[in-house]
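Reckoned from all heavy atoms, side chains included, excluding hydrogens, waters and symmetry mates.
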Amino acid sequence: MPAAPAASPSFSICVYCGSRPGADPAFAEAAQGVGRWIGQHGGQLVYGGGRSGLMGVVANATLAAGGRVVGVIPKALVDREQAHRGCTELHVVDTMHERKRRMAERADAFLALPGGIGTMEEFFEIWTWHQLGYHGKPVGLLNVGGYYDALLQFMHTGVRAGFMDAAQMRTVATGAQWQNLLPELVERAGFTAPTQIGPI
């Protein structure tokens with residue numbers, strides 16, 4: 001039986017990730033680790049509300065570890081992404097814009113796991129909002145198995161070409177290990193980084 005979620009979470013992390021599992025089992029393993037860590041440390045997961053792919057993996061792992069899960073999903077994707085009825089809170093909204101706004105409001109930090117164009121679009125939008133001053137919350141990119149290597153290289157190309165600067169790149173916390181990246185994001189969000197509880 002999953003542990004009962006805390007009424008008031010210690011922190012809230014919005015996770016963007018694929019509605020597919022991906023070809024490498026390491027992607028699902030990372031999603032499970034992220035969800036378990038959030039739940040074990042009394043945190044709250046905010047995500048897109050689906051039960052398929054990595055979305056379902058991270059949500060189920062958070063719930064099983066005793067964390068709260070807030071899902072936000074547009075009506076048009078309830079069937080396609082298999083809305084997760086087991087969320088602590090499941091909000092069905094009218095548009096993608098409303099989905100992303102609500103997710104941003106409920107989060108203290110943002111983390112992109114491997115995913116497709118939707119995940120990348122959400123990551124770049126929330127990073128852009130940070131750059132423009134719409135929020136000051138930390139943004140992270142979990143580079144599992146080198147999945148985002150080429151994307152990171154291209155982002156540095158933008159710096160070299162003069163369209164971005166190094167300061168912008170430093171606003172994104174990147175790493176291949178969720179065990180290191182999650183505490184960093186929690187600290188950047190202004191909370192004391194939790195100590196490890198139980199097996200990872």
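- No more than 12 heavy atoms of other residues, nucleotides or ligands sit less than 6.0 Å from atom CG of D79.
- If you take CD1 on I73 and CZ on R51, they are separated by 10.0 Å, rounding to the nearest 0.5 Å.
- In the displayed structure, R20 atom CZ is contacted under 6.0 Å by at most 12 heavy atoms of other residues, nucleotides or ligands.
- Put simply, CG on D165 and CZ on R170 are 8.0 Å apart, with the number rounded to the nearest 0.5 Å.
- Nearest approach of A112 to T119, heavy atoms of both residues: CB-CG2, 4.4 Å.
- A pairwise comparison of heavy atoms in A173 and E184 identifies CB-OE2, 3.6 Å as the closest pair.
- Both Y134 and W127 belong to a common hydrophobic cluster when Ile, Leu, Val, Met, Phe, Trp and Tyr are linked at side-chain heavy-atom distances under 4.5 angstrom.
- Side-chain contact between E105 and V46: absent, with no pair of heavy atoms (C-beta onward) separated by less than 4.5 Å.
- When all heavy atoms of P114 and F27 are compared, the closest pair comes out as CG-CD2, 3.7 Å.
- Between D94 and K75, the closest side-chain pair of non-hydrogen atoms falls below 4.5 Å.
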Using a 3.5 Å cut-off and no angle test, enumerate the donor-acceptor pairs between side-chain atoms of residues 53-62 and protein atoms at least two apart in sequence or in another chain.
{"unit_1": "N60", "atom_1": "OD1", "unit_2": "H84", "atom_2": "NE2", "d": "2.7"}
{"unit_1": "N60", "atom_1": "ND2", "unit_2": "G56", "atom_2": "O", "d": "3.2"}
{"unit_1": "T62", "atom_1": "OG1", "unit_2": "G35", "atom_2": "O", "d": "3.2"}
{"unit_1": "T62", "atom_1": "OG1", "unit_2": "V58", "atom_2": "O", "d": "2.8"}

N/O donor-acceptor pairs under 3.5 Å from side chains in residues 140-155, not counting sequence neighbours:
{"unit_1": "N143", "atom_1": "OD1", "unit_2": "Y147", "atom_2": "N", "d": "3.1"}
{"unit_1": "N143", "atom_1": "OD1", "unit_2": "Y148", "atom_2": "N", "d": "2.5"}
{"unit_1": "N143", "atom_1": "ND2", "unit_2": "D149", "atom_2": "OD1", "d": "2.7"}
{"unit_1": "Y147", "atom_1": "OH", "unit_2": "G115", "atom_2": "O", "d": "2.6"}
{"unit_1": "Y148", "atom_1": "OH", "unit_2": "L113", "atom_2": "O", "d": "2.8"}

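- Between Q131 and T171, every side-chain heavy-atom pair lies at or beyond the 4.5 Å cut-off.
- Put simply, the side chain of C87 reaches to within 4.5 Å of the side chain of Y47, judged on heavy atoms.
- Considering every non-hydrogen atom in both W129 and A104, the closest pair reads CZ3-CB, 3.8 Å.
- Note on L181 and F191: same hydrophobic cluster, where clusters join Ile, Leu, Val, Met, Phe, Trp and Tyr whose side-chain heavy atoms are under 4.5 Å apart, directly or indirectly.
- Within the 3.5 Å criterion, the main-chain N or O of I126 finds no donor-acceptor partner in the side chain of K137.
- There is a path of hydrophobic side-chain contacts, each under 4.5 Å, that joins M164 to L132.
- Contact of the E89 side chain with the R68 side chain is registered, since non-hydrogen atoms from C-beta on lie closer than 4.5 Å.
- When all heavy atoms are compared, the tightest approach of L90 to A83 is CD2-CB, 4.2 Å.
- Here M103 contributes atom CE and K100 contributes atom NZ; the two are 9.5 Å apart, rounded to the nearest 0.5 Å.
- Distance check, rounded to the nearest 0.5 Å: NE2 of H156 to CE of M169 gives 3.5 Å.
- Put simply, V72 and L77 are part of two different groups of oily side chains (I, L, V, M, F, W, Y) that touch within less than 4.5 Å, one to the next.
- In this structure, CG on L63 lies 5.5 Å from OG1 on T88, to the nearest 0.5 angstrom.
- Under the 4.5 Å side-chain heavy-atom criterion for Ile, Leu, Val, Met, Phe, Trp and Tyr, I117 and M96 are members of distinct hydrophobic clusters.
- Closest approach of P9 to G43, counting heavy atoms only: CB-C, 4.0 Å.
- By the 4.5 Å heavy-atom criterion applied to side chains, V186 and H41 are not counted as neighbours.
- With R106 contributing its side chain and S12 its backbone, the two residues share no donor-acceptor pair below 3.5 Å.
- Here the straight-line distance linking atom OG of S52 with atom CD of Q82 works out to 5.0 Å at 0.5 Å rounding.
- Proximity of E125 to Y16: side-chain heavy atoms (C-beta onward) are nowhere separated by under 4.5 Å.
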Checklist entry - So L185 and F11, side-chain contact (heavy atoms from CB on, under 4.5 Å) or not? Walk me through it. => result CA-CA 10 Å; L185 287 174; F11 54 85; over 6 Å; no
